[in-house]
Amino acid sequence: MSNEVKVVSDNEDLSKITNSPTIILSDNQHGQSPKLPNVHPINVYVVKKSDERRLRVLLAQLRARRINLTTIDEKGSLTRRDFITGKLTKTRLVNAPVVFNGSCMARYGCTRCVDACPSGAISINNKVVMIDAGKCIECGSCVAACPTGSLAMAGADDNEYVVAINEASRAGFRRLRFTCIYDNSQDSDDEYTYKLPCIASVGPEWLTMALASFDEVSFTCPNESCKLNGVAKVKELLSNLTKAIKVEVSGLTVKRPKGYSDYLTYVGIRRSDYSSALRRLKALSTGELAYGLKIFDINISEDKCSFCGVCFAKCPGKAFDVDSAQGTTVLKFNAIKCLGCGLCVDSCPEKAIKLTVSSLNDEWIVKVKDEVVKCKICGKPFDTRRHIQMVKARMGIKGDPEWLYLCPDCRRYYTAKEMLKRNLSI
């Protein structure tokens, strides 16, 4: 169900605007957002009355918004007017992050949002992410750090973001500009401005997705000395990007080479959309390790791996696959599917896996090979050589008994036969 968005004219009584997404159609220079009492700036946007294309995109974006602001009690002394009007507490609206636990990786041990939060507003209790809205400074660093998009804020949410860039790309905008809600600078004709709580909300996924759809992506901050430190974080992000992908960066603007005429359509699932963007930009890969871009690799010890399949079975990103050909079974891994949660590392009973950083690579890479073992009675493939050796070691089996090389069905037949032979010989 789409969100209700109010569209008003700047010659109306703007004091009546409440705290819901509102677009003000103005005859004045675009972007001069009025300061309205008791209205959070993330909910107020100004568009020129004649700019129908931008209005259409912004309407689609705001209708896709699914995060409501949080009202919290504000500490501080009350004024005489507060007492007269009967207001005994002060409140303020906070654009605090919301957690979608269904896709959150905290249950697998992920702590990236906690590590990224500069104000200590996020904690994990019993593998569930908890948000203290009173401590939140609305920087969005947790949103940028999350590998699955499980944290979202108004204006910094995968659902809202993909609707905006899908619509902007289809509408013919060739440039995308990220800025904060306090930026009143004017847009150019071919540029769509996406306003965030802070530009620190943008992680490698959103930047790469934008580059796959627009010729140029830029960041602006109206106050570079802002305590949220968004500019420094963007500079680090762009530095990491240029090491892994061949793009042109000038200041806080990044351009991709020409030759991408069609646009991608994103669906709002962070890792899936990121994978699509990385595949689009694969030809620009430098081959260098993608530090800070959430592209991971694994190293598996050939000596320790028993080919038990636990990593394949438990991986939430389905980054592992198993295949077989010509009597050999292989365990394959795809870097851009990996969420970097480390569950495979923790789950491996042999402690044979280490998580590392990858280059931009969407190929399935063979990590371990093993011989397929066929049942000595029926000839059906049923296990691998490594796993059989692991079973022998764990059970303390000496020698090489015949039953180890039988499938489960034939093993039951073999066991029953041996029992009968022993009983009949008595």
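Heads up: numbering here begins at 1 and tracks the sequence. The structure displayed is predicted, hence computed values, not measured ones.
At a threshold of 4.5 Å between non-hydrogen side-chain atoms, the residues F382 and R411 count as touching. In this structure the side chain of L404 reaches within 4.5 angstrom of the side chain of K392, judged on heavy atoms. Here the side chains of C315 and C344 are not in contact, with every heavy-atom distance at 4.5 Å or above. V162 places a side-chain heavy atom less than 4.5 Å from the side chain of D273. Using a 4.5 Å cut-off on side-chain heavy atoms (C-beta onward), D321 and N334 make no contact. With a 4.5 Å cut-off on side-chain heavy atoms, V345 and K354 do not count as touching. Inter-residue side-chain proximity for T329 and V322 is flagged as met; some heavy-atom pair is nearer than 4.5 Å. Contact check for V44 versus P41: no side-chain heavy atoms found under the 4.5 Å cut-off.
Other residues, nucleotides and ligands contribute only 12 or fewer heavy atoms inside 6.0 Å of the CG atom of D189. Within a 6.0 Å sphere centred on NZ of K314, other residues, nucleotides and ligands contribute 12 heavy atoms or fewer. Other residues, nucleotides and ligands contribute at most 12 non-hydrogen atoms within 6.0 Å of the NZ atom of K417. The local environment of NZ in K374 is sparse, with at most 12 non-hydrogen atoms from other residues, nucleotides or ligands closer than 6.0 Å. The environment of E52 atom CD is sparse: at most 12 non-hydrogen atoms of other residues, nucleotides or ligands sit within 6.0 angstrom.
Counting only distance, with no hydrogens or angles, the side chain of S150 and the backbone of S103 share a donor-acceptor pair below 3.5 Å. Under the 3.5 Å distance criterion, the side-chain polar atoms of Y414 are left unmatched by any main-chain donor or acceptor of L406. A donor-acceptor pair is defined here as one N or O able to donate and one able to accept, closer than 3.5 Å; such a pair exists between the side chain of R280 and the backbone of A212. Under the 3.5 Å distance criterion, the side-chain polar atoms of S276 are matched with a main-chain donor or acceptor of S272. Listed for the S239 side chain is no donor-acceptor partner under 3.5 Å among the backbone atoms of K235. Remark: the backbone N or O of E302 is paired with a side-chain donor or acceptor of R386 at under 3.5 angstrom. No side-chain donor-acceptor contact under 3.5 Å links D187 to the backbone of Y192. With R174 contributing its side chain and E216 its backbone, the two residues share no donor-acceptor pair below 3.5 Å. Checked by atom type and distance alone, the side chain of S359 never pairs as donor or acceptor with a backbone atom of N361 at under 3.5 Å. A donor-acceptor pair is defined here as one N or O able to donate and one able to accept, closer than 3.5 Å; such a pair exists between the side chain of T242 and the backbone of L238.
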side-chain hydrogen bond (donor to acceptor under 3.5 Å, both in side chains) evaluation trace for T18 with K6: CA-CA 10 Å; T18 57; K6 294 182 179 179; 3.0 Å; yes
Residue pair V8, T22: steps toward the side-chain contact (heavy atoms from CB on, under 4.5 Å) verdict: CA-CA 7 Å; V8 300; T22 302; 4.1 Å; yes
side-chain contact (heavy atoms from CB on, under 4.5 Å) assessment of K195 paired with I42: CA-CA 8 Å; K195 289 195 172 185; I42 195 66; 5.5 Å; no
Criterion side-chain hydrogen bond (donor to acceptor under 3.5 Å, both in side chains) on S141 and K233, from CA distance to verdict: CA-CA 9 Å; S141 295; K233 292 179 180 179; 2.4 Å; yes
Stepwise side-chain contact (heavy atoms from CB on, under 4.5 Å) check, V98 with L151: CA-CA 6 Å; V98 172; L151 286 107; over 6 Å; no
side-chain contact (heavy atoms from CB on, under 4.5 Å) between V5 and I23, worked out: CA-CA 7 Å; V5 181; I23 300 174; 4.1 Å; yes
Working for side-chain hydrogen bond (donor to acceptor under 3.5 Å, both in side chains), residues T91 and T71: CA-CA 6 Å; T91 61; T71 302; over 6 Å; no
Criterion side-chain hydrogen bond (donor to acceptor under 3.5 Å, both in side chains) on Y405 and D400, from CA distance to verdict: CA-CA 9 Å; Y405 299 92; D400 210 21; 2.6 Å; yes
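Tested against F219 for a side-chain contact (heavy atoms from CB on, under 4.5 Å), the candidates T179, V231, L176, L252 yield a single pass: L252. The only option from S218, S188, S185 that meets the side-chain hydrogen bond (donor to acceptor under 3.5 Å, both in side chains) definition with R177 turns out to be S185.
Inspection of the K246 and S285 side chains reveals no N or O donor paired with an N or O acceptor under 3.5 Å. In the model, D297 has no side-chain atom that pairs as donor or acceptor with a side-chain atom of T356 under 3.5 Å. Side-chain N/O atoms of N223 and S225 include a donor and acceptor closer than 3.5 Å.
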For a quick test of your reading: what N or O donor-acceptor pairs under 3.5 Å do the side chains of residues 113-132 make, sequence neighbours left out?
residue, atom, partner, partner atom, Å
D115, OD2, T111, OG1, 3.1
S119, OG, K135, O, 3.0
D132, OD1, G134, N, 3.1

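Here the two rings, on Y194 and Y161, have centers that are under 6.0 Å apart.
Counting all heavy atoms, side chain and backbone alike, C180 lies closest to I199 at N-CG2, 4.3 Å. Contact between I295 and A335 at its shortest, heavy atoms only, is CG2-CB, 4.2 Å.
Ion pairing of D215 with R175 is absent here, as no side-chain N (NZ or NE/NH1/NH2) approaches a carboxylate O to less than 4.0 Å. At a threshold of 4.0 Å, the pair R385-E371 counts as salt-bridged, since one of the basic side-chain nitrogens sits closer than that to a carboxylate oxygen.
Within the structure, salt bridge (charged side-chain N to carboxylate O under 4.0 Å, His left out) pairs that include any residue of residues 141-170 comprise R65-E160, R66-D157, D158-R270, E167-R170 (at least two apart or interchain).
Judged as a ring-ring contact (aromatic ring centres under 6.0 Å, His included), and not counting sequence neighbours, the contacts of F320 are F333.
Here the straight-line distance linking atom CH2 of W403 with atom CD1 of I377 works out to 13.5 Å at 0.5 Å rounding. Taking CE of M390 as the start and SG of C308 as the end, the distance is 6.0 Å to the nearest 0.5 Å. Expressed to the nearest 0.5 Å, how far CG of L293 lies from CD1 of I336 amounts to 13.0 Å. E4 contributes atom CD, which lies 6.5 Å from atom OG of S20 (distance to the nearest 0.5 angstrom). Here K332 contributes atom NZ and K369 contributes atom NZ; the two are 12.0 Å apart, rounded to the nearest 0.5 Å. Taking CZ from F173 and OG from S213, the interatomic distance works out to 14.0 Å, rounded to the nearest 0.5 Å.
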